[in-house]
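Data block below; observations after.
Note: hydrogens, waters and symmetry copies are ignored here, and every other heavy atom, side chains too, is used.
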Amino acid sequence: MKKIALVFLLTCLTFFNVYSQNTNNLTGKVLDRYTRLPVSGASVQIVGTVLGTVVDDNGRFEINRLTDSVVTVKISMIGYETVRREVSFNRHQSEDIKIFLRPVDIPVDKITVTASRFAEVKFTSPSNISITPEAKFDERTYSTTAEVLREEPGVLVQKTTAGHGAPIIRGLIGRYILLLYDGIRLSKPTFRFGANQYMNTVDLESLDRIEVFRGPSSVMYGSDAIGGAVNLIPALQPMGGSELVVSPSLTSHYSSYDEGRSVNLTLNGNYQRLSSSFVLSYKKFGDLTAGGDIEKQSPTGWEETNFNTRLRYALTNNSSVGVDYLAVRQKNVPRFDKYVCGDFEEYVYDPQDRDLAAVTYEIDNIGSFIQSFKGNLSYQREREGSTTRK
């Protein structure tokens with residue numbers, strides 16, 4: 001037993017000696033490339049292994065017991081460019097390196113024109129602004145434009161019936177929520193104080209994003225924006241290019257819960273200083289089928305036809321003129337609550353039509369006193385009819 005114990009001890013000592021002789025230590029310092037200050041919290045990792053550490057407050061790090069003679073070190077930190085560096089160990093089995101990280105810009109949200117009537121970066125805006133981009137439109141099946149805002153924090157959507165939808169911001173609704181189309185006012189004194197359907201008379205398929213500005217913006221927009229403002233920004237192909245570029249798109253949607261069908265044709269194009277966008281869509285929805293014992297809710301279906309076109313022409317490098325035309329036709333939109341809670345045999349909104357035409361002129365970088373100017377001349381026509389029978 002003594003011989004076995006002695007042999008085991010000698011083996012362990014030999015293994016430890018060999019292991020210690022073949023391991024390397026890596027130390028270093030991580031600094032900002034321009035300020036030369038320590039970048040504390042940066043991640044240091046040996047590529048291809050699980051070994052790594054974090055830079056301390058003094059900018060230093062240490063990784064021990066590296067078995068390879070050549071390793072690749074990866075240093076990363078939010079707001080800085082990731083650096084990879086190959087390190088070869090000498091016979092002293094220890095290496096001290098110095099890494100400089102270059103700061104990089106972090107992309108933030110798109111600019112918004114809702115809060116202060118001029119383009120500003122959302123990240124630096126002091127106002128409470130949220131942006132719903134086009135990419136989120138396709139994440140779920142929406143039958144109306146207002147339904148998109150259901151996912152925004154602090155925004156509720158009241159749906160008196162399937163074809164309606166009114167945003168509720170800061171507990172206010174109807175005439176206290178200002179609706180804008182690319183900065184053009186849609187709200188007017190004829191709007192009802194309570195829930196209404198006017199936001200749904202702008203086709204969702206033609207929009208690039210929806211901006212919501214919460215708060216008492218009446219200082220800038222008037223008393224009809226006490227709750228907030230909703231700016232519907234239409235999509236537009238960017239200008240530029242010496243060749244004609246045309247991008248057609250045909251999409252369709254189907255929803256089983258209401259037998260909803262929609263077809264959307266989009267045609268975008270640009271040539272040198274000219275940019276254009278054409279959108280034509282048709283939607284038809286049937287009665288909503290709920291779960292459980294509720295079964296079908298009738299009548300809740302309606303149909304809609306939309307046409308939207310945008311043209312922009314760059315007069316100079318910093319000025320442009322544009323033409324917009326929006327047409328929406330909705331038919332047979334029933335108000336379901338009147339059938340269930342009232343004593344109506346028929347309560348249908350027909351027609352619900354909107355026409356909007358606008359000419360816009362924009363110029364940027366005018367001077368130090370006036371940086372930019374945007375003006376538009378618009379014409380709107382709305383037709384709203386209803387058929388009721390007790």
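- Within the 4.5 Å cutoff, the side chain of T387 has heavy atoms near those of the E346 side chain.
- In the model, N264 has a side-chain atom that pairs as donor or acceptor with a side-chain atom of T266 under 3.5 Å.
- In this structure, R329 forms no cation-pi arrangement with Y282, as its terminal cationic atom is not both closer than 6.0 Å to the ring centre and no more than 45° off the ring axis.
- Under the 4.0 Å criterion applied to side-chain N and carboxylate O atoms, K331 and D350 are not assigned as salt-bridge partners.
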Side-chain atoms of residues 45-56: list all donor-acceptor pairs with protein atoms under 3.5 Å, sequence neighbours left out, distances to 0.1 Å.
from: T49; atom 1: OG1; to: I46; atom 2: O; distance (Å): 2.9
from: T49; atom 1: OG1; to: L51; atom 2: N; distance (Å): 3.2
from: D56; atom 1: OD1; to: N58; atom 2: N; distance (Å): 3.0
from: D56; atom 1: OD1; to: G59; atom 2: N; distance (Å): 3.0
from: D56; atom 1: OD1; to: R60; atom 2: N; distance (Å): 2.8

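- Side chain to side chain, T145 and N200 fail the donor-acceptor criterion of an N or O pair below 3.5 Å.
- Checking Q297 against Y339 by side-chain atom types alone, no donor-acceptor pair falls below 3.5 Å.
- Using a 4.0 Å cut-off between a side-chain N of Lys or Arg and a carboxylate O of Asp or Glu, K283 and E205 do not qualify as a salt bridge.
- Judged by the 6.0 Å and 45° rule, K374 forms no cation-pi pair with Y361.
- Judged as a ring pair (Phe, Tyr, Trp, His ring centres under 6.0 Å), the pairs with a partner in residues 145-169 (not counting sequence neighbours) are, in order, H164-Y349.
- Shown here for S40 and M77, the closest heavy-atom pair between the two residues is O-CE, 3.6 Å.
- Here the side chain of D287 pairs a donor or acceptor atom with the backbone of T300 at under 3.5 angstrom.
- Salt bridge status for K159 with D337: absent, with no side-chain N to carboxylate O gap under 4.0 Å.
- Other residues, nucleotides and ligands contribute over 12 non-hydrogen atoms within 6.0 Å of the CG atom of L250.
- Every residue meeting the ring pair (Phe, Tyr, Trp, His ring centres under 6.0 Å) condition with F285, not counting sequence neighbours, appears here in chain and number order: W302.
- Test I226, I168, I169 against Y176 for side-chain contact (heavy atoms from CB on, under 4.5 Å) and you get one pass: I226.
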